[in-house]
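These notes are about the structure you will find just below.
Throughout, protein chains are lettered first and strands after them, A, B, ... in sequence-line order, and every chain is numbered starting at 1. Computed over heavy atoms, backbone and side chain alike; hydrogens, waters and symmetry mates excluded.
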There are 2 protein chains.
Amino acid sequence: MADLDYEKMSGFFKALGNPTRLRIVKELTEGEKCVGEVESSIRVSQANVSQHLTILKAHGIVDCRKEGNARCYYLRQTDLIKKILKLIESKEA
Amino acid sequence: MADLDYEKMSGFFKALGNPTRLRIVKELTEGEKCVGEVESSIRVSQANVSQHLTILKAHGIVDCRKEGNARCYYLRQTDLIKKILKLIESKEA
DNA sequence: TTAATATATTCTAATATTCATATATAATCA
DNA sequence: TGATTATATATGAATATTAGAATATATTAA
C-alpha cells in the first residue's frame, strides 16, 4: 500500500470532529437541504451553520448548488458517510 | 433510533483528526506496540507520543497493559478501526 | 430601482490544541 | 542500595478553533 496522506485523512476526521458539524452531516444524510433548513433543524445561528458548511465543503464532505437565492448542500459521498456513521453509532462505549 | 450523543461521537472523530494520532493508530492496526516502538516507527518524541496515546485512550480508542517497565498499547476495537480506515483510504479525493 | 430574503464573510474574544522542554514516576538491573 | 530504562506529567508559548456580532453579497420580488 502506498504511503497514506495522513494530513488529508486526518483532515477528514477533524471535519467530523465537531458536534455541530456532525449534526449537520447527519441532517444531510436525509437528503439535500438548504442553509435555512439546516439552521432550523439543528437550531444554530445562520452564520455559524454557514461557517461549518464552509469547513465541510473545504474537506470535500459536502458540496452545494444554487437554487434561487438559496443554497442547497448535499453530501458528496452519501454512502461512504452513512457507512462510517453507522459503524460508529453501533460501536459500544 | 434514539438521540445520538454527538459530543461523544464527534470526540471519536476528533481523536482521529490529527495526523500524528492517525499514524499511531495505523501503527497499532499491525498489533500491540509499546511506546518506544511507536516512537521509533513514527519518529516523534517520546513525550509527544505519550501525550497522543493519552488522548486516544481518553476517547476509548486504545488501551494499554504493563509489561515489565514498558507499556503496551493496543486498539480496543481493532476490526472497527480497520473497517473505518479502509473506507476512508478507499475514498477518492 | 428599492426592499426583502438567503447566505457568506469579517472581526473578535474565549478557549483549546499542539509541541517542546523539563521533570517525575515506576520497574528493572547491577 | 543506586543507576538505568521506559514512560508519564507539568508547564508554557505558539497557534488553531469556536461562536457571536456585525456587515456584506447575491438573488428575487415589488
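Taking side-chain N and O atoms only, B/Y73 has a distance below 4.0 Å to OP1 or OP2 of D/dA8.
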Taking protein heavy atoms under 4.0 Å as touching, what does nucleotides 12-19 of chain C look like 5' to 3' if B marks base contact, S marks sugar-phosphate-only contact and - marks none? -----SSB

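Rounding to the nearest 0.5 Å gives a distance of 8.5 Å between OG of A/S41 and CG of A/L28. The CZ atom of B/R71 sits 10.5 Å away from atom CG of B/D63, with the distance rounded to the nearest 0.5 Å. We find the CD1-NZ distance between B/I88 and A/K8 to be 12.0 Å, quoted to the nearest 0.5 Å. Atom CG of B/L53 sits about 5.0 Å away from atom CD1 of B/I24, to the nearest 0.5 Å.
Sequence neighbours left out, the pairs with a member in residues 49-58 of chain A that pass side chain to side chain donor-acceptor pair (under 3.5 Å) are A/R21-A/H52, A/N48-A/Q51.
Using a 4.5 Å cut-off on side-chain heavy atoms (C-beta onward), A/F12 and A/I84 make contact. Between B/L80 and B/L75 there is no side-chain heavy-atom pair separated by less than 4.5 Å. The shortest side-chain heavy-atom distance between B/E89 and B/K26 falls under the 4.5 Å cut-off.
In terms of position on DNA chain C, the residue among B/A47 and A/C34 whose nearest nucleotide sits closer to the 5' end is A/C34.
Between the CD atom of B/E7 and the P atom of D/dT18 there is a distance of 11 Å, given to the nearest Å. For the pair A/L53 CG and D/dA19 C1', the computed distance is 15 Å after rounding to whole Å. As rounded to whole Å, 11 Å separates atom P of C/dA8 from atom CD1 of A/I24. One interatomic measurement links the two molecules: CG of A/L56 to C1' of D/dT17, which rounds to 14 Å at whole-angstrom precision.
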Pairs under 3.5 angstrom, nitrogen or oxygen only, protein versus nucleotides 23-30 of chain D, please.
residue, atom, partner, partner atom, Å
D/dT27, OP1, A/K66, NZ, 2.9
D/dT27, O3', A/G68, O, 3.3
D/dT27, O2, A/N69, ND2, 3.3

